[in-house]
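Read the numbers this way: they start at 1 and go in the same order the structure lists the ligands and their atoms.
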Amino acid sequence: MYLDNAATTRLSRRAMAAMLPLMEGEQGNPSSLHSYAREARKALERARGQVARCIGADEGEIVFTSGGSEGNNYLLRGAIEANRDRGSHVITSAVEHPSVLNTLRALEKQGRIQLTVLPVDGYGRVSVVDLFAALQPDTVLVSVMLANNEVGTLQPISSIGNLCRERGVLFHVDAVQGAGHLPLDVQALRADMLTLSAHKFHGPRGVGAAYARKGTQVAPLMTGGEQEKHRRAGTENVAGTVGMAEALMEQTEDMEQERERLQSLSEKLIGGILSTFEGVSPDELLALLDMQGVAASAGSACTAGSNEPSHVLQAMGLLDGRRCAPLRLSLGRYTKAEEIDRVLDILSKTVARLRG
Ligand SMILES: *Cc1c(COP(=O)(O)O)cnc(C)c1O
């Protein structure tokens, strides 16, 4: 029972089938000048067009990366570097993924930016009013995620995007958790930059895409060869990008249906968890669940011992004075209704046992 889809997802058959021809036999480097190379380049550019169409972008606006962490680093560091003359104040939220928060904090520590980290409410939501109040004449960039990886909260992205556009501030969206579950349109979201990672929507691990609106200046993170029009040096992961494009198209095709199915499964799961987990050790709970075939996660949450408490739950005010056992159960395309029933059964017995 794999209920850790927020950490990574199973590679879909369709994505794997699309990738196979690009992994067996002679493969050309897309930059070489023979027929193998032309085939590889064609596959790469087809995948670029497919990814672009899935998010309402132009293919020239897509740079392939090694995943979400690289995409966030590239877009944030690159945009800050290339737009230094426009200001050095950056705004983000307290519940961002570490690849955004730690990157911006590192730049702040180096004195490259002045950083404002917006608080969130009890649901983990950023307030557009707070954001409005935080804007300064030298604000150059705002970065807010689409969907949170620990608690699933959706942010008011298009309102934030509208405000940024009015004020001439660049807007970056980490859409890694939303992609494949929500319709993504960079125009509707008012995003200037957006990050995707294939392994969160049943594509392969180690590949992603960074969107930067035409005209947005972003300095490269990886320098070297001329790949990706000088925006990202390194021989392209052709099979990976083809798998990513296929998985994204597959998720987009039955998105509405699949969202309704997962919505009802998750409501059932939430409704079935009647007991609170207060006083239960998350490490023990996870280990016992694992022994019974349930793969879950505590998020990056307040586990005993060396681990830091979750910055997301902390920002939501959920950790104040309480001993908590956060448990993250995240569903996906391959989650079956029977599994939810079994998990609920196992969970109630396991929690009872731990408290007994
Ligand atoms: C997983 C994740 C990332 C990082 O993606 P990788 O491809 O694993 O580097 C970034 N942001 C969010 C919201 C994520 O869930």
- Query: Among Glu246, Glu250, His202, which residue meets the side-chain hydrogen bond (donor to acceptor under 3.5 Å, both in side chains) test with Ser12?
  - Reply: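 Answer to the side-chain hydrogen bond (donor to acceptor under 3.5 Å, both in side chains) test with Ser12 among Glu246, Glu250, His202: Glu250.
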
- Message: Does either side chain, that of Glu96 or that of Ser93, offer a donor lying less than 3.5 Å from an acceptor on the other one?
- Response: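 Per modelled atom types, Glu96 and Ser93 side chains form a pair under 3.5 Å.
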
- Distance-only donor-acceptor check, side chains Gln187 and Arg213, under 3.5 Å: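 Present: a donor and an acceptor within the cut-off.
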
- Item | Closest protein heavy atom (residue, atom, distance) for atom 11 (N) of ligand 1 |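 That would be Asp174 OD2, 2.7 Å.
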
- Query: What protein heavy atom sits nearest atom 1 (C) of ligand 1, and how far away is it?
  - Reply: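 For this ligand atom, the closest protein heavy atom is Lys200 NZ, 1.4 Å.
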
For [X], which part has a heavy atom under 4.0 Å from ligand 1: side chain, backbone, both, or neither?
X      : answer
Ser99  : side chain
Arg205 : neither
Glu70  : neither

Are any of the N/O atoms on [X], whether in the backbone or the side chain, positioned under 3.5 angstrom from an N/O atom of ligand 1?
X      : answer
Gly68  : yes
His199 : yes
Ser197 : yes

What atoms in ligand 1 come closer than 4.0 Å to a heavy atom of [X]?
X      : value
Met145 : 13 (C)
Gln177 : 13 (C), 15 (O)
Gly67  : 7 (O)

- Message: Check Glu108 with Arg105, please: is the shortest side-chain N to carboxylate O separation under 4.0 Å?
- Response: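 No, no charged N to carboxylate O under 4.0 Å.
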
- Message: Looking at Glu284 and Arg353, is there a salt bridge between them, counting it only when a charged N and a carboxylate O are closer than 4.0 Å?
- Response: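 No, this pair does not count.
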
- Criterion salt bridge (charged side-chain N to carboxylate O under 4.0 Å, His left out) on Glu236 and Arg48, from CA distance to verdict: CA-CA 12 Å; Glu236 302 88 340; Arg48 196 188 309 280; 5.7 Å; no

- Query: Does any non-hydrogen side-chain atom of Phe132 lie less than 4.5 Å from one of Leu163?
  - Reply: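 A side-chain contact exists here, since the closest heavy-atom pair is under 4.5 Å.
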
- Message: Can you give me the closest heavy-atom contact between Ser297 and Leu286, atom names plus distance?
- Response: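 That would be N-CD2, 3.7 Å.
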
